[in-house]
S.K.: 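Here you go, one structure.
Just so you know, these numbers come straight off a predicted model, no measurement behind them. Below, read A as the first sequence line, B as the second, and so on, with proteins coming before strands; counting in each chain starts at 1.
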Amino acid sequence: MSDFPDDIPFFGEPDVPATPTPQAGPKAGIAARAMQARNQQRGEPDYLQGLNPEQRQAVETTEGPVLVLAGAGTGKTRVLTTRIAHIIQQNLAFPSQILAVTFTNKAAREMKERIGHLVGGAVEGMPWLGTFHSIGVKILRRHAELAGLRSDFTILDTDDVIRLLKQLIQAEGLDDKRWTPRSFSMMIDGWKNKGYGPSDISEGDARAFANGKGRELYHAYQERLKTLNACDFGDLLLHPIRIFRNYPDILREYHAKFRYILVDEYQDTNTAQYMWLRLLAQRPSTQSSPAQTKNTPNATDWSPEPMRGPHGASERSELGVSAKINICCVGDDDQSIYGWRGAEVDNILRFDKDFPGATIIRLERNYRSTPHILGAASYLIAHNEGRFGKTLLAQAASEDDEKVHVHAAWDSEEEARAVGEEIEQAQRQGHLLNDIAILVRASFQMREFEDRFVTLGLNYRVIGGPRFYERQEIRDAMAYFRVVAQPADDLAFERIVNTPKRGLGEASLRLVHDYARARNIPMLLAAEDLIATEELKPKARSALREVVENFQRWQGLIDNKSHTELAEIILDESGYTAMWQNDRSAEAPGRLENLKELIRSMEDYESLRGFLEHVALVMDTEKNENMDAVNIMTLHSAKGLEFKTVFLPGWEEGLFPHQRALDEGGRSGLEEERRLAYVGVTRAKKNLHIWFVSNRRIHGMWQTTIPSRFLEELPEEHVDIAESDSSYGGGYGQSRFDNVGRGDPFANSYSTPGWQRAQQNRSDATRNNWGSRSGSNVERIGYGEADSGFGAGRGSVKGKVIDGELVAKSVSSTASAFKVGDRVFHMKFGNGNVASIDGNKLTIDFDHAGQKRVIDSFVSPV
DNA sequence: CTCAACTTACTTTTT
DNA sequence: GTAAGTTGAG
């Protein structure tokens, strides 16, 4: 992912608010225009302006392999986008001849936008800028038949895959408790990350699942995908790799096509992505004559086997790729935090061996953080072995720079309370909440903060987590659409055939399934056949007939109705909408609202098919981030972002570093955790607060915890241990945690002044803060299930609910706009009447959910 | 076939 | 502690 807001002030040009480059449009200032003119006279393109020498070198070294090691906050995305702009403006290639890959859609979107700014609107997008997967689909659609698929293949999501695997495991007569579909899907994922097809699975690996049936099952799975005309995410990379290997002619086409290859976040590439890149990169220069092509090693030399050794570099470098490879990879080995999902830090560490003669450029001037923060980060990460080694150079220190604060709290509740207080104080001093982030190691930590912020009425947003398209109702609706658009989509069919309940249970479904399997036809067709027979029970038969007839009718409407209209008809006539309307549960109204939102978002696409493709690949929707709110997210999802003030709670052994990372990953696991800590620390621009608590509830059990070893790895001169607001300061400040961990360091914490003060503070806080401000407004960016029970019915905020992102966004600081008796709608509780009003808090009699107390910004008039 | 009670497991997350 | 998934009764 890209370093999001890194339109950083240029080095030596202190904190100027990020201004667009002079070229950015008519708004550019006179001075900027003058400078532009001057530079153009010198023949220097204005987009190069303000780049530091290293950045500039990275942009201008367009030929040959280049590795840009970009430390945190050094302008990575800027380099990447400027480089592309440079290639285009120097006429080195057309936009369509540049392959640029990212990991996330967000990063791709952002890059497109920024390139657009740099080169002006002249260039119509970049067709080959996208995620590995979206580019993979594009390639695979063109050559689907070579992978045994039709070009309209479906892309399965994790849900579909697991259901499919469950069937296969059961069909194999295995106990799906002992051998869970979930774990097998992860295993397959792992294999695919390494580029292994079923035949590449070693004996040992095959034995790891279901007593050696792993390989067989994997094979069966792939076969099943073929008959379903479907692929999983891994296939989007593996199929192209296989096609490139087996059809050199096709590979050559792509070689001729892509003159420049750029890769973002190279440290996150897995082996499959690496192979994919190597295949595309390893080629004669695009201007080469056919004669030269013969000298190039055959692409099929590239098999996954050389990957096996711990250091397969020698085999790789023997490829002797003599022709120029204009590949530029940008990354930071210190920010590799996705090893657990197959990323190979090794890819970046041996870049120069893979691409002999590579230019390696280090970006070490950090424009983001204060020297204290940078000092802490550098000292911490230095504890890792096996890094490239970079020294981040800080900007000049400023008078009011604060050291990194380390705080202690008695338990997680107090931690949340104190953080909340600190944020409120910052807010009073005029800080924007948007500039503040709380970065947690694990998502369960978020809850405590949410609870607290709800009582404080502090706006916050949660970033990450289950997304819109992963919600049950959205998936169900999508399944209907999929069956209509692609009648062969059995998984979609199975998902909704009995949703809403139609009395088509396991038995009937099994019959349809077996019939379809036996004849190798889609289940929808099988169902069609079966309703003509006597095989099904009369009840099931008529239910199934209705389903089949419905789908036939809807399919007939594809060309006559607009796809949004059709979607409405489908949801309506299938009884799906009615199912939720009749649902008495509290979240039903929210789900209906989500369905409306789904239809609304379909309007942005031309056809049903186009929409389905979008959803399969881009599992996020853009969300309004217009309100001022504290950001809460995991450390993982914070990569690439930056905030003025960052809170890092939960620095305790077992949580961070996470126990499981230590157990399963050993030393490298610990190092990855340390990199995660490094990522967290380097997100902060000005203020960084690290917290640890002495008691935390894990799996519902209170546990005494000890401070994270990472705390000891922070340099004394940049850290300030804040005792004052701690409930258990005594002694720890001085010893810098050195004696922590043995014995029971917290035994007498209850009696320390700090603890008593904390108790005092706690009750004060609840008294003073409660009701003293307008309702907190919450938005969940891409956050799921409209309920999750967060905040509901705890403490004095009974009924306060954090909802999906469809929550009304209005922040009313004035007295409530509602009056007793008003009819209102609430995202979670549905419709109801206002029973009484207390400031901005309403007591509402809900039709289905009973009486609840809610904050007015969460309801809207009906 | 459906629903309710019980059991069980539990980082991180993109596509 | 909680959410999801499975088992057993109606």
S.K.: Round to a whole Å and report the spacing from CZ of R675(A) to C1' of dT13(B).
M.R.: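 Taking CZ of R675(A) and C1' of dT13(B), I get 16 Å after rounding.
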S.K.: Output yes if the stacking criterion (under 5.5 Å between centres, under 30° between planes) is met for F103(A) over the base of dT15(B), else no.
M.R.: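 Stacking between F103(A) and dT15(B): absent.
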S.K.: Centroid distance below 5.5 Å plus an interplanar angle below 30 degrees: do H636(A) and dT12(B) meet both conditions?
M.R.: no
S.K.: Let me spell it out: for each of G234(A) and R441(A), pick the nucleotide of DNA chain B with the closest heavy atom. Which residue's pick is nearer the 5' end?
M.R.: R441(A)
S.K.: Check this for me: does any side-chain nitrogen of one of D160(A) and R482(A) sit under 4.0 Å from a carboxylate oxygen of the other?
M.R.: yes
S.K.: Ignoring the backbone of R660(A), work out which of dT11(B), dT2(C), dT13(B) is nearest its side chain.
M.R.: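 My answer, after comparing the listed nucleotides, is dT11(B).
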S.K.: Under 4.0 Å between a side-chain N/O of T131(A) and OP1 or OP2 of dT14(B), yes or no?
M.R.: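 Answer no for this pair, as no side-chain N or O of T131(A) is under 4.0 Å from OP1 or OP2.
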S.K.: Quick check on dT11(B): syn or anti? Syn means the glycosidic torsion is within 90 degrees of zero.
M.R.: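 dT11(B): syn glycosidic orientation.
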S.K.: May I ask you to evaluate whether T634(A) reaches the phosphate of dT11(B), defined as a side-chain N or O under 4.0 Å from OP1 or OP2?
M.R.: no
S.K.: In whole angstroms, how far is the P atom of dC10(B) from the CZ atom of F444(A)?
M.R.: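 Distance, rounded to whole Å: 14 Å.
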S.K.: In whole angstrom, give the distance that lies between atom NE2 of H133(A) and atom P of dT14(B).
M.R.: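 It is 12 Å, rounded to the nearest whole Å.
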S.K.: Rounding to an integer number of Å, can you tell me how far M186(A) CE sits from dT13(B) P?
M.R.: 15 Å
S.K.: Taking any heavy-atom pair under 4.0 Å as a contact, classify R697(A): base, sugar-phosphate, or nothing.
M.R.: sugar-phosphate
S.K.: Can you tell me how far P of dT2(C) sits from CD1 of I698(A), to the nearest Å?
M.R.: 16 Å
S.K.: Hey, are D583(A) and R591(A) close enough for a salt bridge, meaning a charged N less than 4.0 Å from a carboxylate O?
M.R.: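 Not counted as a salt bridge, because no side-chain N and carboxylate O are separated by less than 4.0 Å.
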S.K.: Looking at R675(A) and E672(A), is any side-chain nitrogen of the basic one under 4.0 Å from a carboxylate oxygen of the acidic one?
M.R.: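 Salt bridge flag = yes for R675(A) with E672(A).
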S.K.: Would the distance check show the side chain of H133(A) and the main-chain N or O of L617(A) forming a donor-acceptor pair, the cut-off being under 3.5 Å?
M.R.: no
S.K.: Using a heavy-atom cut-off of under 4.0 Å over every strand shown, decide if Q659(A) touches base, sugar-phosphate, or nothing.
M.R.: nothing
S.K.: Check whether any side-chain nitrogen or oxygen of N105(A) sits under 4.0 Å from OP1 or OP2 of dT15(B), and answer yes or no.
M.R.: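 It does, given that an N or O in the side chain of N105(A) lies less than 4.0 Å from OP1 or OP2 of dT15(B).
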S.K.: Nearest to the side chain of R341(A) - dC1(B), dT2(C), dT14(B)?
M.R.: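 For the R341(A) side chain, the nearest candidate turns out to be dT14(B).
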S.K.: Using a cut-off of 4.0 Å on non-hydrogen atoms, how would the nucleic acid contact of Q273(A) be classed: base, sugar-phosphate, or nothing?
M.R.: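 The residue Q273(A) makes no contact with any strand.
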S.K.: Can you give me the N/O atom pairs linking the protein to nucleotides 6-8 of chain C at distances under 3.5 Å, or say none if there are none?
M.R.:
| residue | atom | partner | partner atom | Å |
| --- | --- | --- | --- | --- |
| dT6(C) | OP1 | K166(A) | NZ | 3.3 |
| dT6(C) | O3' | K177(A) | NZ | 3.3 |
| dT7(C) | OP1 | K177(A) | NZ | 3.2 |

S.K.: Rounded to the nearest angstrom, tell me the gap between atom CD in E672(A) and atom P in dT12(B).
M.R.: 14 Å
S.K.: Does the distance from a Lys or Arg side-chain N to an Asp or Glu carboxylate O, for D332(A) and K76(A), drop under 4.0 Å?
M.R.: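 No, D332(A) and K76(A) are not salt-bridged.
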S.K.: Taking the six-membered ring for Trp, are the ring centroids of Y274(A) and W276(A) within less than 6.0 Å of each other?
M.R.: no
S.K.: Please round to the nearest 0.5 Å and tell me the distance separating atom OG1 of T704(A) and atom CZ of R696(A).
M.R.: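 One finds 12.5 Å between OG1 of T704(A) and CZ of R696(A).
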S.K.: Round to the nearest Å and state the distance from L676(A) atom CG to dT12(B) atom C1'.
M.R.: 7 Å
S.K.: Please determine whether a side-chain nitrogen or oxygen atom of S134(A) lies at a distance below 4.0 Å from atom OP1 or OP2 of dT15(B).
M.R.: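 S134(A) to dT15(B) OP1/OP2: no side-chain N or O under 4.0 Å.
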S.K.: Separation of F468(A) atom CZ from dT13(B) atom C1', in whole Å?
M.R.: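 Between C1' of dT13(B) and CZ of F468(A): 20 Å.
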S.K.: Is the distance between the ring centroids of H658(A) and W340(A) under 6.0 Å?
M.R.: no
S.K.: Taking atom types as modelled, is there a side-chain donor on Y678(A) or N384(A) under 3.5 Å from an acceptor on the other?
M.R.: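 Looking only at side-chain atoms, N384(A) and Y678(A) do not form any donor-acceptor pair under 3.5 Å.
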S.K.: So does R182(A) get a side-chain nitrogen or oxygen closer than 4.0 Å to the phosphate oxygens (OP1/OP2) of dG5(C)?
M.R.: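 It does not, given that no N or O in the side chain of R182(A) lies less than 4.0 Å from OP1 or OP2 of dG5(C).
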S.K.: Measure from the ring centre of H699(A) to the centre of the six-membered ring in the base of dC10(B), then say whether that distance is under 5.5 Å and the planes meet at under 30°.
M.R.: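 Here H699(A) meets both the 5.5 Å and the 30° conditions.
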S.K.: Which atoms of nucleotides 2-6 of chain B (N or O only) lie under 3.5 Å from a protein N or O atom, and what are those distances?
M.R.:
| residue | atom | partner | partner atom | Å |
| --- | --- | --- | --- | --- |
| dT2(B) | OP1 | G503(A) | N | 3.1 |
| dT2(B) | OP2 | N498(A) | ND2 | 3.4 |

S.K.: Salt-bridge test for E546(A) and R502(A): reply yes if a basic N is under 4.0 Å from a carboxylate O, no otherwise.
M.R.: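 Not counted as a salt bridge, because no side-chain N and carboxylate O are separated by less than 4.0 Å.
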S.K.: Which of the following nucleotides, dT14(B), dC1(B), dT11(B), is nearest to the side chain of A507(A)?
M.R.: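 Among dT14(B), dC1(B), dT11(B), the one nearest the side chain of A507(A) is dC1(B).
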S.K.: Only pairs with both distances under 3.5 Å count, Watson-Crick or wobble alike; so what is the partner of dT11(B) in this structure?
M.R.: none
S.K.: So that I can tick it off, tell me whether R667(A) and E671(A) are bridged by a salt bridge, with the cut-off set at under 4.0 angstrom between side-chain N and carboxylate O.
M.R.: yes
